[in-house]
Amino acid sequence: MRPPLGPAGIVVDLAAIRANARLLRATAGVPLIAVVKADGYGHGMVACARAAQEGGAAWLATATVEEALALRAAGVEGPVLCWLNGPESDFAAAAEAGIDLTAHGVADLDAMAAAFAGRPTPARVQLKVDTGLSRNGAPRASWAEVFARARAGEKAGSWRITGIWSHFACSDEPGHPANDRQEQAFRDALALAETHGLRPELRHLANSAAAILRPSSRFDAVRCGIAVYGLDPAPGEATDIGLVPAMTVTAPLVGVKELAPGDAVSYGHRWVADQPTTVGLVPVGYGEGIPRHASRPGAPDAAATVGIDGKRRPIRGTVCMDQVVVDLGGDRPPLGSEVVVFGPPAAGGPTAQDWAEACATISYEIVTRIGGRMSRTYVDSEGAGS
Ligand SMILES: *Cc1c(COP(=O)(O)O)cnc(C)c1O
């Protein structure tokens, strides 16, 4: 009889998120700002925010104002910072919800002052200085003007400047000279802010890699994303503090077939069997966020793998929209066998980091893009059975 086939899906272990937050807090020795932008790096923003808080994260952070408001709408309380402003950003609603906004220059501060007019209490605003990433943040030449405007707004009662912060470009390469330059520039900005009378309670610079690898960059808090989800922020560096990947992606094996030498697989016939083998059909593809690049045409030995019965099974031929074919090497696992697409090492398959290496990207992209037709469920390995 054919066993029942569960659908492909994403399982997120909230106990792992909680434990990772706890580890990061203990390692850094300063408060943790858990970054839950982009739907919690694909893990689910609200559930991960709550789990991170339970693990001791004092702050949450999102990219957009809209994400921060969504946390509040879901009932998430506590300090929340956001930093990506756009034409639709509702500064007034954010202030009303007790969210810390980020200003990247005088134009942001002017827009915020207008949005906060008539508020009975000062809003909470942090300043981002650009120390060398050249993304957002106030460039060095504007710091004096920005700090003066920020202080004037404090005196006018528009806001309190609760934080000053910046972001590294190369923290996953701890020996990169830009790290020292950026940290020094940040210290310069803090000193200049002080001469303008600003006394921010939260000075922060470090993301996950810097939080673990660069103690001098920890200041008053660390702003960690990828490490909260248990993934290595700087592969190859000394980052092993016991983080556990929270996401496992599984699918059922839905087909097994025999191939003879010369049989070619999938679109473009980019892989051809050179000996008799068996292949399995796994019902996930780029519609679920599986990178099409994962089959590595031209370098099939480098193709991403999945785990079946504890064995690694390489993808063969082009990744399709809805399915991939994997090499079973002559084995015939029963239909419905669990295929571990990726997860923690204990799940018996590859990790998101393994996929990142096969696809010449970073684990951030692998977990954040995964989804499509797959549903996400949460488990709590600590609470199992309770
Ligand atoms: C995404 C992001 C982070 C988190 O970075 P990780 O490397 O995932 O820890 C921190 N700060 C800013 C500004 C970010 O955009």
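Position 1 is the first residue of the sequence; numbering continues from there. For ligands, and for the atoms within them, numbers begin at 1 and follow the listed sequence.
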With no hydrogens and no angle check, just 3.5 Å: does a side-chain donor-acceptor pair link [X] and [Y]?
| X | Y | value |
| --- | --- | --- |
| D100 | Q126 | yes |
| D232 | S363 | no |
| Q182 | S166 | no |

Plane angle bin for W165 and H204 - parallel if under 30°, tilted between 30 and 60°, otherwise perpendicular: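 Ring orientation, 0 to 90° scale: parallel.
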
Looking only at heavy atoms, which two atoms of F116 and A123 are closest? And how far apart?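 Shortest heavy-atom contact: CE1-CB, 3.4 Å.
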
Taking all heavy atoms of S89 and all of L84, pick out the closest pair and write down the distance. OG-O, 4.1 Å

For a quick check: using heavy atoms under 4.0 Å, what are the residues in contact with ligand 1, sorted by chain and number? V35, K37, Y41, W83, R135, W165, H167, N207, S208, R223, C224, G225, I226, Y364

